[in-house]
Amino acid sequence: MTSDANLKQPAIATGTAWQADVRAGVRHVRDLDRLPLSPAERAAAQAAAASHKVRVPKPYLDLIDWDDPNDPIRAQVIPSPDELIAAEGELGDPIGDHAYSPVPRLTHRHADRVLLFPTYQCAVYCRFCFRKESLTSIGRGYTRDALEPALAYIAGHPEIREVILTGGDPLSLPDKALAEIRARIEAIPHMRLLRIHTRVPVALPSRITAGLVAALQGRLMVTVVTHFNHPREITPDAETACRTMRQAGFVLLNQSVLLKGVNDHVEVLEELCRELMYRLGVKPYYLHHGDLARGMAHRRTTIAEGQALVAELRQRLSGICNPTYVIDLPDGGGKVPLAASHIEGRDGETWRIRGQDGKVRDYREVVG
Ligand SMILES: *Cc1c(COP(=O)(O)O)cnc(C)c1O
Ligand code: SF4
């Protein structure tokens, strides 16, 4: 990418280009028939799809290198026979969302913010999804009525400041539905921030149209948390989509999931984080340790491997480009940082702290 190309204003995707991208993609497990799958993938497809839907829009499908059986894009969306192996200790509700759901379509675990599920459908279905069992067992789309109890709950809890639209993928909804949801949320006086967690800028960037952006603009600050996992997902179309959102004034952050065979190499994570920030203007926010979703043992790393990766990232990337490595604990324990501590010990007011160069130094606290 030359600096000239950076300056040029790309056309904002309008109209229905994205609908053609959806139609030309994989919309159902039977559409996998026309792809060059391995016999094992083909055999697994039907059974895997029974526990988690299959959907891949055309732009994401086009990123797959079919000559590489271990292609990191393919690994994220094409059902694998390994998904059918449920390991001991895996969970249907890996982070305990259900226990903190006082009304349907809402999770309230932290006082100031709630998850709101306007739809349980997605533009792309990621094989590693930690919510795959609710997506498959619930499978419901958006209706105005379905959100009423959740909106009433938010209105009745003045401690809530952020509403996080998640799901499902909120940006799989039509503009009209998004505008309606946004208007309902901003009408609640104590609301401060509208957050949108989405894979659409990655998998279906043509969906980020002027109309979609306008539907989300209103009284509230908007933060869009994207979900890029691999540098190959950072395409010119994704760049256009992110530029459209940035120009609308949205704050852009990214969360990635650490996935074995996809992004568990320091060079891959380094390039991902750097290009997110430098090319897309998207700040790396969280790097999630793999959740205990069923059938995903083949994609999980150990925590020690994750810690080694983020220690190396810390050396290579600026503070702004570094995500926080977190685990979402089962049973609603929430997200907690996992990076290895630099604190080696303490003797009264003197702390022994390991520097970035690996040497341990004493730091004596002096407080007034
Ligand atoms: C992840 C999550 C949030 C958002 O947490 P942040 O640390 O603000 O990103 C809120 N509620 C629930 C239940 C979550 O799982
Ligand atoms: S888009 Fe998000 S919610 Fe949907 S399948 Fe992928 S990870 Fe799960």
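Atoms within a ligand are numbered from 1 in the order they appear, just like the ligands themselves.
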Which bit of [X] gets closer than 4.0 Å to ligand 1, counting heavy atoms only: side chain, backbone, both or neither?
X	answer
Tyr286	side chain
His110	side chain
Lys335	side chain
Ile164	side chain

> Against heavy atoms of Thr107, which atoms of ligand 1 measure under 4.0 Å?
Replying inline: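 Selected atoms, number and element: 13 (C).
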
> Of all heavy-atom pairs between Arg316 and Arg274, which one has the smallest distance, and what is that distance?
Replying inline: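 In this case the closest contact between Arg316 and Arg274 is O-NH2, 3.3 Å.
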
> At their closest point, which heavy atom of Arg131 faces which heavy atom of Gly167, and how far apart are they?
Replying inline: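 Closest pair (atom of Arg131, atom of Gly167, distance): NH1-O, 3.2 Å.
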
> Of all the atoms in ligand 2, which lie at a distance below 4.0 Å from a heavy atom belonging to Val124?
Replying inline: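 Result: 1 (S), 4 (Fe), 5 (S), 6 (Fe).
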
>> Within the 4.0 Å heavy-atom shell around Cys122, which atoms of ligand 2 are there?
In response: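 Ligand 2 atoms under the 4.0 Å threshold to Cys122: 1 (S), 3 (S), 4 (Fe), 5 (S).
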
> Are any of the side-chain nitrogens in Arg105 or Glu148 under 4.0 Å away from the carboxylate oxygens of its partner?
Replying inline: no

> Got a salt bridge between Asp175 and Arg207, using NZ or NE/NH1/NH2 to carboxylate O under 4.0 Å?
Replying inline: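 Between Arg207 and Asp175 there is a salt bridge, with a charged N closer than 4.0 Å to a carboxylate O.
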
> Are any non-hydrogen side-chain atoms of His190 and Glu159 less than 4.5 angstrom apart?
Replying inline: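 With C-beta onward as the side chain, the pair stays apart.
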
Could you check [atom] against the protein and tell me its nearest heavy-atom contact, residue, atom and distance included?
atom	answer
atom 6 (P) of ligand 1	Tyr285 OH, 3.3 Å
atom 5 (O) of ligand 1	Arg113 NE, 3.4 Å
atom 8 (Fe) of ligand 2	Cys129 SG, 2.3 Å

> Is Arg352 atom CZ crowded by more than 12 heavy atoms from other residues, nucleotides or ligands, each under 6.0 Å away?
Replying inline: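 Above 12, so yes.
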
>> For Arg144, I'd like to know if atom CZ has over 12 heavy atoms of other residues, nucleotides or ligands within 6.0 Å.
In response: no

> For the side chain of His298 and the backbone of Arg300, is there at least one donor-acceptor N/O pair under 3.5 Å apart?
Replying inline: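 It does not hold such a pair.
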
>> Residue-level breakdown please: for Cys126 versus ligand 2, do any non-hydrogen atoms fall below 4.0 Å on the side chain, on the backbone, on both, or on neither?
In response: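 The answer is both.
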
> Where does the angle between the aromatic ring planes of Tyr120 and Phe117 fall among parallel (under 30°), tilted (30 to 60°) and perpendicular (over 60°)?
Replying inline: parallel

> Does atom 2 (Fe) of ligand 2 have a protein non-hydrogen atom under 4.0 Å from it?
Replying inline: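 Within 4.0 Å: no protein heavy atom nearby.
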
> Looking at Tyr100, does the NZ or CZ of Arg109 lie under 6.0 angstrom from its six-membered ring centre and within 45 degrees of the ring axis?
Replying inline: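 The answer is yes; both the distance and angle limits are met.
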
> So does His227 have any N/O/S atom less than 2.8 Å away from atom 6 (Fe) of ligand 2?
Replying inline: no

> Looking at ligand 1, does Arg195 have a heavy atom less than 4.0 Å from it?
Replying inline: yes

>> Below the 3.5 angstrom mark, is there an N/O of Glu162, backbone or side chain, next to an N/O of ligand 1?
In response: no

